[in-house]
Amino acid sequence: MIEIRNIEKSFDTRAGQTFVLRRINLKIEAGEFVTVMGPSGAGKSTLLSILGMLDHAWRGEYRLLDHQVDRLKPRERIELNKRYVGFVFQQYHLLDNLTVAENLDIPLSYRNVKGSERAAAVADTLDRFQIVGKKDLYPSQLSGGQQQLVGVARALIAKPKLLLADEPTGNLHSDQGRDIMRLFQKLNEEGMTIVQVTHSEENARYGGRIVRLFDGWIAGEERVTDRIGVETANR
Amino acid sequence: MSDLLQDLRYAVRTLARSPVFAAAAIVILALGVGFNTTVFSLVDAVVLRPLPGVARPGELWEIEAKRTSSVFSYPSYRDLRENSLFSSLAAYGHRALAVSGDGAAERVRAAVVSGNYFDVLGVRPPAGRFLRPGDEESGETLAVLSHGLSQRRFGRSAEAVGKLIVLNGTPFTVVGVAPPGFRGAGFGTPTDLWIPIGAWPRVATGALARLDFHRRGWSWMTVFGRLAPGISRSQAQAALDVAARDEQRLYPQATPDDYRIGLRLLTQAAAGAGHPADPVRFLAFLLGAVAVSLLVACANLANLLLARAVARRREIAVRQALGAGRGRLVRQMLTESLALSLAGGAAGLAVANWSLALLSRVRLPGDVALGSFGAALDFRVLAFALAVSMATGVLFGLLPALQATRFALLAALKDDGPGRRRRALLPGALVAAQVALCLILLSSGGLLARSLRNALAADTGFEARGVALASVQLGVARYDAARAWTFATAAARAAAALPGARSAAWAGMLPLGGDREVESVELPGEAPGQRQAVAATAVGPAYFRTIGLKILAGREFEETDLPDGAPVAVVNEAAARRFWPGRNPIGQRLRIYGAERTVVGLCRDSLFQTLRDPHMPQVAVAIQQVGGDGLLAAMTLLVRFPGDAGAASASLRSAIAALDPNLPPFGPRTLEESMGGQLVPQRFGSALLGLFAALTLVLAAVGIYAVVAGSVARRLREIGIRLALGAEPARLFRMVLAQTAAPVLAGIALGLPLAAVAARALGGFLFGVAPTDSATFGAAVAVLALAGFAAASFPARRAASLDPMTAVRHE
């Protein structure tokens, strides 16, 4: 689904060029659940932003499905982002002045979906995530876990093929974090391709593969052998 | 559409969460839009709108005679009427008439009209009939009353038809009443009644009674009409050019050189061009002031929105990350500013209503009430208010919206703390713009205020305070010269005998009352035909002591200077210097007003016609010795009262009414009130500009405060670090204050040349002060600088008194 070759990102400073990512080569198949890990400053979030086409200042090759992203103009990349990508943020980034339902509606509105279809999609999503009772509440009236749940629902409402999550449980306490990770796992079982960035080794075990970054380089990749998955659901 | 509604819903919700900001913005916009709407309603009524109450007003044209103040003689009008160019052509001339009979005597504005006047205007009478072509020269004493006059005299319009009304002592039959709201085809004060041309000799008095309206050389009528079907304006103009040449060829004695005829659409502005109260100039002045104020308001709001946009950058970044394009985000932010501006515009209608009522009381030179133009908040004005509101919303909302969607998305999402921030130039530029515009209003207002002060303090040469007035026109009450002198003498004695009165006198013209009279003087011994121009006036006995104008030698006029006695004159120092340098003027002779007169008195130089008079030579003649016309024309009784002259004016008018109940006194009540008309531009201008200057000063100060406060909020962490590292609070105070200096200084530098240009445009209204008066400009700059310093000092003080640890942890 995703193939990136020799991706690099750097800044020019007085001390010379500072690299954030160096010669990143990575393939992600459809339906995979990949975790990107590494210490602070390794370039994890930057890699995620590039995959999500929120960052345009990079070099290298990037193919998403049948699209050669590196050859597209920023405006075309934004359209691709709208079609295929959903993003979950660490700080949830819900819009404070909108209700839960309105927060879910916003991505559809930006994709020029008709009003009646949007209403139906919002209703379905509220139901799917069992947050119908909270549809008229504002983010400030929700707990952190509930807010992140809404954030995930919002990321999925436009039916993306790829879900990118940047430290999705970073601002949650452990129980809430586990709920979110189980949700991700369920989505992955349903066929969603997921790439997450996390510091948590436990969270990494919900996925199938770990890519480790260090100082902008890919330091290594490994398969998750003790994956938290079915056995966790049955516990 | 659903997206738009969504944006609107969100906009209202966002504004509701910031009630203080929303309320302040709405108030600012209400004032800006409201004042602009007020001025537009005046512009619409005077300049744009065709005459009210007439049929197909867009087809009515005024015919202008380019060399005779736009008026024609009756024969010239009849010639034009025969021209196939026009489907119909009418004419009118305004005159003042005295109405008496049932009810109190009053002075009314009458129109002497052609028989087809009402037909051409397409008006239908609600009662009776209008004048017909057959009435034009029949000589029948017929009258059509305005709705207002019919109600005043007869209670109901229908009651007036068939009744008699006495005009200048002659009974006229009322044949019809005009519809309510119909003002006639003229300018300014509405017409009260209409009489046919043929009836004019029955009411004409004094010199006018001796003029034959069939005479081609007497131009007094305004002509208007409708073009024949299929005739375009250019065709009409070409035909009128031919008509003008023909008239000049056939009647060279009665036609001025280079005689031309033109045409223009009949609006109130067209009718008023050249009038002392020419409203277009006045409105241009108003429009400039309110437009500048609105621009300042827009710049101020743009700055406030910019500051809000910075605070909302994370929200905007999230929306972009969710797929919002820049256009969509700009549209959403514009919806917010439009919601604000439309709310402000709606509130502005209340401001417009109030300010229109206030402005309606203003009287322009020539005693024309601004309220007489019929300005109102009608559909067109409401449409203007809507358009201005929307344009304002776009104007102050677009830049911040574009700016807000430019920042780095990822940085905003991460809400990064440390790191170098790009310096924002736009807020400073907006502050500079506000400062520049404010400087224009402050300096212009200051110049007018100084002019007013100089004018009020000017040594006029006489004492205007404490003089009550009452004007009469004996000619319209059918007095002859002998009766007029008897009445005038009795009235002056009765007035001087009023409790508290010191003296009383008549005058044909009031000093600094807005009238001009320049006459030619011949001196004995000079070559025939050699004349000198002087300011001339006709005054009665005791005039000079009544107005406190000192007699330096000889005497002033007395009752013993009889109408048929030896003609006498009083001259001022400038006349004495001009005509008899180094010699005693007493006993000298000069010829003026058709008679040779002996100088019996020398008075001090004084201002007479305008405040700018460079003490031109003045000659006063005894009013009773001006061949009878002096006493029969409009004249004013002046009475000196040491107390409240305004209150005394009522008893003065009662004293006149006691002598002749059919003689309606009129005019200003005091000499100061009469002179006030000279200073209307200065009074009104300085008050108006002062108001707007104060408003824009507050806005500019708020703008500076918001920019500095926003900057301090963004730099809180940096300030905390500096404090933690040992920076002195005073140094931080100066650091924050210094960032205000650049935009304020830039605004002053930009504003000074603009203010100089605006000041030159005021030139005609300035008195005793140069357009580039450095003291005024210096004061305006100082006021602005102080206001900027004061506004910036609040957030600067806050920055200097921060707790370092709290500030360092600020995100």
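Protein chains get the first letters and strands the later ones, always in sequence-line order, with residue 1 at the start of each.
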* To do: Determine which residues belonging to residues 105-121 of chain A lie within contact range of chain B, meaning some heavy atom pair is under 4.5 Å apart, and list them by number or answer 'none'.
  => A:D105, A:I106, A:P107, A:S109, A:Y110, A:R111, A:R118

* To do: Name the region of B:R319, side chain, backbone, both or neither, that has any atom closer than 4.5 Å to a heavy atom of chain A.
  => both

* Asked: Once you round to the nearest 0.5 Å, how far does OH of B:Y10 lie from CG of A:L98?
  -> 5.5 Å

* Heavy-atom neighbours of B:M390 CE exceed 12 at 6.0 Å -> no

* Got more than 12 heavy atoms from elsewhere within 6.0 Å of CZ, B:R328? -> yes

* Asked: Taking atom CZ of A:F19 as the centre, does the number of heavy atoms from other residues, nucleotides or ligands within less than 6.0 Å exceed 12?
  -> yes

* Take atom CZ of A:R59 as the centre, draw a 6.0 Å sphere, and report whether it contains more than 12 heavy atoms from other residues, nucleotides or ligands. => yes

* Enumerate by number any residue of residues 132-163 of chain A whose heavy atoms lie under 4.5 Å from heavy atoms of chain B; in the absence of such residues, state 'none'. => A:Y138, A:R154

* Structure fact -> Scored by heavy-atom pairs under 4.5 Å with chain B, the best of A:L95, A:N81, A:N97 is A:N97

* If we only count heavy atoms from C-beta on, is the B:R13 to A:E102 side-chain gap below 4.5 Å? -> yes

* Less than 4.5 Å apart, any side-chain heavy atom of B:E315 and any of A:D96? -> no

